[in-house]
Amino acid sequence: MSDWLPDYPWKTARGDVVAGIAVAGLLIPEGMAYAGIAGVPPQVGLYAAMLGMFVYAVFGTSRQLAVTSTSSSAAMLAALVAPIALSDSGRYMVLVSAATIAAGVIFLVGGLLRLGAVSEFISKPVLKGFVFGLGLTIMVKQAHKLMGIPGGKGNFFHQFWHVLTSLGDVNPWTLAVGVLALVIVFLLGALAPRVPSALVVLVLGILSASWFGLEHHGVEVVGTIHAGMPSLTLPRVGEEDLADVLMGAIGIVLVLVAETLAAGRTFAAKHGYEIVPNQELFAMGGANLTSGFMGGMIVGGGMSGSAANDAAGARTQLSTVTASLSVGLTLAFLLPLFRNLPEAVLGAIVIHAVAHLADVGTLKYYAKLRTGSVWVALVALVGVLQMGILKGLIFAVGLTLIALMLRLSSPQDSVLGRLPGSENFVDVARHTEAEQIPGLLIFRPNGVLFFANANRIHSRLRELVKAAGPPLRAVIINLEASPEIDVTCLEMLGQLRNELRESGIHLHFARVADPVRDLFERSGFLEQLDGPLFRGVDSAVTVFLGAMRGGPAVSDLRLAVGHE
C-alpha cells in the first residue's frame with residue numbers, strides 16, 4: 001500500500017470501489033463454498049478472503065489480483081489435514097491454522113531466497129493435467145450435496161462409483177434445488193457475466209428454503225454460522241504432526257505460486273505494468289500468516305476472482321481493499337442470514353467455480369501440437385484421479401522431472417552443411433540444398449551436454465563417423481547450443497578424440513562458450529586437441545579447406561584469425 005497509495009489516481013476511485021463491491025458478491029459465496037471443500041465452517045473461508053485481500057493489497061504488486069481461498073488450495077488443504085486429524089474436529093481446525101501458517105513461512109522464505117522462478121518448476125502440461133484432475137475430483141465430491149445422499153470416500157473413481165450406486169437414494173427435493181441452482185449460475189455466467197451469479201443463487205437459495213420449507217423435505221441447510229470478526233489463534237501442533245503439515249504445505253505452496261504468478265502476469269500484461277515475483281512471495285507469505293493466526297485458511301491468487309475484479313473495472317488495489325471491507329461487514333452483521341442456505345446451492349457454486357479447471361480446449365490444443373504434451377497432461381490427470389490430490393501432486397512433480405530428464409538426455413542434433421553461395425551452415429536434414437564438405441563432418445548437439453546424454457552423443461557421433469566412411473579427415477563439433485558441459489561429457493570428448501585419432505581423423509571445436517573453454521583449459525584438454533578453438537564454423541572450414549589444398553595443417557595453425 002505504501003507503494004501505490006501515495007500516488008493513487010483518485011479519478012479511478014469510484015470505479016475501484018464499485019469493482020470491489022461487485023467482486024465481494026462473488027467471493028462471499030465462493031469463500032463459504034471453498035470452506036466446505038476444505039472441511040471447515042463457512043466463516044473460515046470469509047476470514048481468509050477478508051484478511052488475504054487486505055494484506056496482499058498492502059504488499060503485493062498486482063493491481064487486479066484477488067487473494068482468497070481457492071478451489072485448489074482448499075482441496076489440497078483438506079487432503080493434507082483429514083488423514084492427520086482422524087475425525088477430531090478440534091484438532092482439524094488446529095491443523096488447518098498450522099498448515100496456513102506453514103504456507104506463509106514457506107512463501108516468506110521463498111521471497112528471501114528469491115525463488116520467484118519456482119513457478120516454472122512444474123511444466124504447463126503437467127500443471128494443466130493436475131488441475132484438470134483436481135477439478136473433476138472436487139466436482140465429484142460435491143455430487144452428494146446436489147443429490148442429498150451421504151458423501152463417499154476414496155479417490156475419484158471410488159466416489160464416482162458411490163454416486164452411481166446411490167442413485168436410488170436421491171432426495172428429489174435436494175436434486176431439484178441443486179440442478180436449478182446449477183442451471184441459473186451457468187446461464188447467468190454465460191449470458192450476463194457481470195452479474196454475480198454465485199450471489200444471486202445464494203440469495204435465491206436462502207429465500208426458497210424459507211418460502212418452501214425445504215428443511216422439512218430433507219434438504220440440508222448450512223445451519224448456524226458464528227458471526228463476528230476473527231480472533232488471534234496460536235495453534236499447537238505436536239512434533240509428530242509438524243513434519244507432515246510442513247511437507248504438505250510445501251506442495252500446496254508450489255501449486256499456489258504457479259497459479260498466483262500466472263494470474264498476476266496475465267493482468268499485468270493486459271494493463272501494461274510489471275509484477276515483481278519475489279515481492280509477490282512476500283505478499284503471499286504475509287497474507288497466509290495473517291490468515292493462519294486469525295483462524296483463516298490458506299489463500300492464493302485465484303483466477304476467477306481476479307478475472308471478476310478486472311471485468312468489474314478494477315484499476316488499483318483499492319478494489320480488493322473495498323472487497324475485503326465488504327466481506328468484513330458481512331462477517332460482522334449478515335452471517336445469521338445464511339442459516340437457511342441449502343447445501344445443494346453451495347455445491348452448485350463450487351461446481352461452477354471449478355468447472356473452468358476441466359479445460360478440454362487446452363488438451364485439444366496440446367494434441368494438435370503433436371509434441372507429446374497431451375500425453376503428459378493426461379498421465380498427470382489420471383494420476384490425480386487415481387492417487388488423490390496430494391499424492392497426485394507428488395506424482396505430477398515427479399512426472400515433470402522425468403519428462404525434463406528424458407528431454408535433456410535425448411537432445412536433438414544436426415549435421416551441418418553450407419548453403420550454396422554463402423558462409424551459412426545449416427542442418428542438412430532440413431535444408432536439402434545445403435552441401436556437406438567432402439572429408440569433413442560438422443556436428444552440432446542442439447542442447448545442453450551433461451552426464452545423462454554423454455553416452456548418447458558419443459554413440460551418435462560414432463554412427464555418423466562410420467556412415468561417413470573414408471576418406472573422412474576431420475570432425476568439427478559446433479558447441480553454440482551447449483553453453484556448459486560437465487566432467488562426464490569432458491571425459492567422453494577425450495575418449496572420442498582418442499578414437500578419432502586412431503583412425504587418422506582430427507577433432508576440432510567451434511563456437512565454444514567461455515565456461516566450456518575455461519574447463520578445457522583447466523583440465524588440460526585444450527592442449528591435447530589437434531588445433532585451436534574456432535570462433536565460427538566458417539573459419540574452421542576455411543582452415544580445413546586450406547589444409548586440404550596443401551596449406552598448413554590444422555594442428556599446426558595458431559593464427560589469431562579464426563580461432564580463440
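In this text, all values refer to a predicted model and were calculated from it rather than measured experimentally.
In plain terms, the two heavy atoms of Ala287 and Val299 that are nearest each other are CB-CG2, 3.9 Å. Of all the heavy atoms in Ser197 and Leu188, the pair that sits closest is CB-CB, 3.6 Å. The minimum heavy-atom distance linking Thr320 with Leu65 is given by the pair CG2-O, 3.4 Å. Taking every heavy atom of both residues into account, Gly302 and Ser306 meet most closely at O-OG, 2.7 Å. Ala99 and Leu77 make their closest contact through CB-CD1, 3.7 Å (heavy atoms, listed as atom of the first residue, atom of the second, distance). Across all their heavy atoms, Pro230 and Met294 have their closest contact at CB-O, 3.0 Å.
Atom CD1 of Ile252 and atom OG of Ser72 lie 9.0 Å apart (nearest 0.5 Å). Here the straight-line distance linking atom CG of Leu27 with atom CG of Leu199 works out to 10.5 Å at 0.5 Å rounding. Annotation: the span from Leu331 atom CG to His226 atom NE2 amounts to 13.0 Å, rounded to 0.5 Å. Atom CD of Gln279 and atom CZ of Phe282 lie 7.0 Å apart (nearest 0.5 Å). Rounding to the nearest 0.5 angstrom, the gap separating the CG atom in Asp16 from the CD atom in Gln64 is 8.5 Å. Rounding to the nearest 0.5 Å gives a distance of 9.5 Å between OG1 of Thr362 and CZ of Phe132.
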Checklist entry - Going through the distances and angles, do Phe107 and Leu289 end up as a side chain to side chain contact (heavy atoms under 4.5 Å, CB included)? => result CA-CA 9 Å; Phe107 272 117; Leu289 281 176; over 6 Å; no
Item to check | Verdict with supporting geometry, Phe338 and Ile28, side chain to side chain contact (heavy atoms under 4.5 Å, CB included) | outcome: CA-CA 11 Å; Phe338 296 105; Ile28 288 170; 4.3 Å; yes
Checklist entry - Is there a side chain to side chain contact (heavy atoms under 4.5 Å, CB included) between Glu215 and Trp173 once you walk through the steps? => result CA-CA 10 Å; Glu215 265 192 283; Trp173 285 84; over 6 Å; no
Next on the checklist: Between Asp241 and Arg91, is the side chain to side chain contact (heavy atoms under 4.5 Å, CB included) condition met? List the steps.
Outcome noted: CA-CA 11 Å; Asp241 295 333; Arg91 191 181 181 202; 2.4 Å; yes
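Taking the side chain as every heavy atom from C-beta outward, Ile84 and Tyr92 never approach each other to under 4.5 Å. The closest side-chain heavy-atom distance from Leu363 to Asp359 is not below 4.5 Å. Contact of the Asn288 side chain with the Ile101 side chain is not registered, since no non-hydrogen atoms from C-beta on lie closer than 4.5 Å. Side-chain contact between Ile298 and Met76: absent, with no pair of heavy atoms (C-beta onward) separated by less than 4.5 Å. By the 4.5 Å heavy-atom criterion applied to side chains, Ile37 and Lys141 are not counted as neighbours. Side chains of Val384 and Phe395 form no contact here, defined as non-hydrogen atoms less than 4.5 Å apart. A 4.5 Å side-chain heavy-atom check between Met50 and Leu46 finds every atom pair outside the cut-off. Residues Met32 and Leu341 are in side-chain contact: their nearest non-hydrogen atoms beyond the backbone lie under 4.5 Å apart.
Although no hydrogens or angles enter the test, the distance criterion places a donor-acceptor pair under 3.5 Å between the side chain of Ser210 and the main chain of Ile206. Formation of a donor-acceptor pair under 3.5 Å by the Thr233 side chain with backbone atoms of Phe293 is found in this model. Between the side chain of Thr68 and the backbone N or O of Ala49 there is no donor-acceptor pair closer than 3.5 Å.
No hydrogens or angles considered: a donor-acceptor pair under 3.5 Å links the side chains of Asn309 and Ser319. Defined by atom type and a distance below 3.5 Å, a donor-acceptor pair is present between the side-chain atoms of His271 and Asp310. Under the 3.5 Å distance criterion, with hydrogens and angles disregarded, a donor-acceptor pair is assigned to the side chains of Tyr56 and Glu280.
For the pair Arg63 and Phe267, the cation-pi test (distance below 6.0 Å, angle within 45°) is failed.
At most 12 non-hydrogen atoms from other residues, nucleotides or ligands lie less than 6.0 angstrom from OH of Tyr365. Around the CE atom of Met229, the shell of radius 6.0 Å holds more than 12 heavy atoms that belong to other residues, nucleotides or ligands. For Phe157, the CZ atom sits in a packed shell: over 12 heavy atoms of surrounding residues, nucleotides or ligands are nearer than 6.0 Å.
Ring orientation note: the planes of Phe186 and His352 are nearly perpendicular, at an angle over 60° on the 30°/60° scale.
Tested against Leu136, the residues Val131, Val354, Leu385 include a single side chain to side chain contact (heavy atoms under 4.5 Å, CB included) partner, Leu385.
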